[in-house]
Every structure is written in C-alpha cells, then in structure tokens.
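By convention here, the first residue in the shown sequence is residue 1.
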Amino acid sequence: MSEAEEAAQAPVLAVLFDRDDTLIVDVPYNGDPEAVRPMPGARAAVDRVRELGIPVGVISNQSGINRGLLTEEQVRAVNGRVEAELGRFDTWRVCPHAPFEGCECRKPQPGMILSVAREFGIAPENMVMIGDIGADVEAAKAAGARGILVPTRLTLAQECEAAETVAENIEEAVEIALSWHGAVAR
C-alpha cells in the first residue's frame with residue numbers, strides 16, 4: 001500500500017478549520033469582535049464534529065499583526081467572539097507574519113498544523129484541514145494531513161482545480177471528513 005493510500009485510510013482524529021471565510025465572514029484585518037458573523041452552517045458543522053468527540057481547532061493567518069494593522073489583543077478578542085458564536089475550540093494557532101517574512105507557520109507552510117499534531121499527540125495523517133483557499137489545503141498536504149477546500153467568491157479557479165477534495169459548503173466538508181473518520185453520515 002502506498003503512503004497516499006495509507007493516509008487516505010487513516011481515521012480522522014482532529015478537524016482543523018481556517019477562520020476567515022470558512023468559519024466566519026471575512027472582514028479584512030478585522031480587529032472588531034462586533035464585526036464577527038458566522039458563515040452559513042458553520043455552527044452546525046463544528047458541532048457535528050464535536051458530537052463525535054473529535055477535537056476541533058482553528059488555523060489562521062493574521063498578517064495584519066506584523067503589518068501594524070491590528071494587535072494581538074484585537075485578534076484574541078475577535079477569536080473570543082468566534083467562540084461565543086460557534087462554541088469552544090480545542091486549540092487555536094495564529095500566524096502573525098506577512099507572506100514576505102518566510103516563516104514556517106504561515107499557510108501554505110505546515111508549521112501550525114504540525115504544531116497542533118504535536119499538541120494533540122496524533123499523526124498529521126489523522127487530521128483534516130478545512131479552508132477556503134489553496135493555502136489551506138496546501139498546508140494540509142505539506143503537513144501530511146488531508147485538506148478540503150470550500151470555495152467562496154474569492155477562491156481562485158486554479159485553487160479549485162488543484163485541490164484533491166472540494167466541498168460545496170462547510171457542512172458537506174465536515175461530512176466528507178467524518179466519512180474518512182468512519183462515522184456514519186446523517
């Protein structure tokens with residue numbers, strides 16, 4: 001059995017979500033908790049994963065911090081509002097770096113996903129990353145995890161073409177992830 005085939009059969013033990021335009025409507029460089037609006041179906045989708053006792057986390061690029069457009073405190077306040085709207089997440093990872101900084105944590109690099117794998121004590125192939133742009137699924141692939149793309153109006157056509165798995169919405173993405181887990185879809 002090839003590595004790819006083995007990874008495809010690995011049970012899903014954690015589901016990670018991108019924040020902006022996956023869990024909440026994207027407001028560029030948002031530092032205002034009052035501007036947080038959940039994406040349609042986000043609460044139900046995340047709750048579906050939680051019902052099965054599978055840990056959930058958020059992986060988010062927030063370059064506005066290092067660009068001086070918002071503070072870490074503002075990002076934490078927005079993330080707190082996300083939890084008020086969608087429930088508690090088991091872990092959060094935020095990359096404050098701009099693309100030109102060349103860090104290992106900014107998606108499409110695998111750093112944040114690998115960090116969560118270490119925190120949870122599970123192999124990356126037992127994790128799924130759900131996001132709205134190519135960098136989300138590229139980060140998953142680079143880490144050895146599986147990625148599911150949920151395109152929005154801003155997702156590029158080539159990102160959809162390059163993604164191995166594309167879902168129409170967050171709820172479908174979760175059902176795909178749970179099918180990989182072995183859970184029975186509702």
Side-chain angles (χ1 to χ4, degrees), residues 2-4 6-8 10-24 26-31 46 49 54-80 82-83 88-152 154-156 158-167 170 173 177 180:
S2 74
E3 251 182 71
E6 284 179 24
V12 173
L13 302 179
V15 178
L16 308 176
F17 296 90
D18 171 58
R19 190 187 84 175
D20 300 324
D21 262 357
T22 300
L23 291 173
I24 62 171
D26 185 29
V27 174
Y29 306 112
N30 182 21
V46 177
V49 179
I54 299 170
V56 291
V58 180
I59 306 289
S60 184
N61 288 344
Q62 294 296 321
S63 68
I65 296 170
N66 276 17
R67 294 174 195 232
L69 301 172
L70 60 143
T71 66
E72 289 183 28
E73 292 77 23
Q74 287 174 307
V75 171
R76 279 194 295 275
V78 168
N79 292 346
V82 171
E83 287 199 328
R88 193 183 72 74
F89 287 86
D90 297 294
T91 196
W92 284 82
R93 292 293 185 283
V94 173
C95 172
H97 305 108
F100 59 83
E101 293 183 80
C103 69
E104 286 298 311
C105 55
R106 183 178 173 81
K107 296 176 288 182
Q109 297 301 315
M112 291 190 284
I113 295 173
L114 293 173
S115 172
V116 172
R118 286 189 298 274
E119 176 188 345
F120 288 167
I122 61 176
E125 60 263 22
N126 295 109
M127 300 170 68
V128 173
M129 175 72 201
I130 298 172
D132 67 304
I133 61 172
D136 298 318
V137 294
E138 290 169 28
K141 186 173 187 174
R146 286 170 278 184
I148 302 173
L149 184 69
V150 181
T152 67
L154 301 177
T155 309
L156 303 175
Q158 59 264 35
E159 292 174 324
C160 293
E161 292 165 10
E164 291 180 24
T165 307
V166 179
I170 191 171
W180 292 338

Problem set entry | Nearest heavy atoms of Val137 and Ala163, plus distance in Å | CG2-CB, 4.4 Å

Exercise. So do the side chains of Asp18 and Met129 get within less than 4.5 Å of each other, counting heavy atoms only?
Worked result: yes

Seminar exercise, completed: So ring pair (Phe, Tyr, Trp, His ring centres under 6.0 Å) across residues 88-127, not counting sequence neighbours, yields Phe89-Trp92

For this session: Over all heavy atoms of both residues, which pair between Asp26 and Pro28 is shortest? Give the atoms and the distance, please.
Result: OD1-N, 3.8 Å

Exercise. Are Leu16 and Met127 close enough that some pair of their side-chain heavy atoms sits under 4.5 Å apart?
Worked result: yes

Exercise. Rounded to the nearest 0.5 Å, how far does CG of Asn30 lie from CD of Gln62?
Worked result: 8.5 Å

Exercise. Would you call Lys141 and Glu138 a salt bridge, taking side-chain N to carboxylate O under 4.0 Å as the test?
Worked result: no

Problem set entry | Pairing residues for Glu83 by the salt bridge (charged side-chain N to carboxylate O under 4.0 Å, His left out) criterion, not counting sequence neighbours | none

For this session: Could you grab the distance from atom CG of Asn66 to atom SG of Cys103, nearest 0.5 Å is fine?
Result: 8.5 Å

Problem set entry | By salt bridge (charged side-chain N to carboxylate O under 4.0 Å, His left out) - contacts of Glu101 (at least two apart) | none

Problem set entry | Verdict with supporting geometry, Trp180 and Ile148, side chain to side chain contact (heavy atoms under 4.5 Å, CB included) | CA-CA 12 Å; Trp180 292 338; Ile148 302 173; 3.7 Å; yes

Problem set entry | Minimal non-hydrogen separation, Pro55 against Asp90, with atom names | CA-OD2, 3.1 Å

Exercise. Rounded to the nearest 0.5 Å, what separation is found between the CG atom of Leu149 and the SG atom of Cys160?
Worked result: 5.0 Å

Exercise. Side chains of Gln74 and Ile65: closer than 4.5 Å at any heavy-atom pair?
Worked result: no

For this session: Just grab all the salt bridge (charged side-chain N to carboxylate O under 4.0 Å, His left out) pairs involving residues 127-137, residues at least two apart or on different chains.
Result: Lys107-Asp136

For this session: Would you please name every residue forming a salt bridge (charged side-chain N to carboxylate O under 4.0 Å, His left out) with Glu104, sequence neighbours left out?
Result: none

Problem set entry | Closest approach of Thr22 to Gly131 (non-hydrogen atoms, all atoms of both residues) | OG1-CA, 3.4 Å

Problem set entry | Check: Thr155 and Val150 side chains under 4.5 Å, non-hydrogen atoms | no

For this session: For residues Val78 and Gly31, report the shortest heavy-atom separation together with the two atoms involved.
Result: CG2-C, 3.7 Å

Exercise. Under a 4.5 Å cut-off applied to non-hydrogen side-chain atoms, are Ser63 and Tyr29 in contact?
Worked result: yes

For this session: Measure the CG-SG distance between Asn61 and Cys105 for me, rounded to the nearest 0.5 Å.
Result: 8.0 Å

Problem set entry | Heavy-atom side-chain contact between Asn126 and Pro11 under 4.5 Å | yes

For this session: Measure the shortest side-chain to side-chain distance between Asn79 and Arg19 over non-hydrogen atoms and say whether it is less than 4.5 angstrom.
Result: yes

Problem set entry | Heavy-atom pair of closest approach, residues Asp20 and Ser60 | OD2-OG, 4.4 Å

For this session: Mind checking the CD1-CD1 spacing from Ile130 to Ile170? Nearest 0.5 Å is all I need.
Result: 6.0 Å

Tell me which donor-acceptor pairs under 3.5 Å the side chains of residues 111-119 have, and how far apart each pair is, sequence neighbours excluded?
residue	atom	partner	partner atom	Å
Ser115	OG	Arg93	NE	2.8
Ser115	OG	Arg93	NH2	3.1
Glu119	OE1	Thr91	OG1	2.7
Glu119	OE1	Arg93	NH1	3.0
Glu119	OE1	Arg93	NH2	2.7
Glu119	OE2	Thr91	OG1	3.4

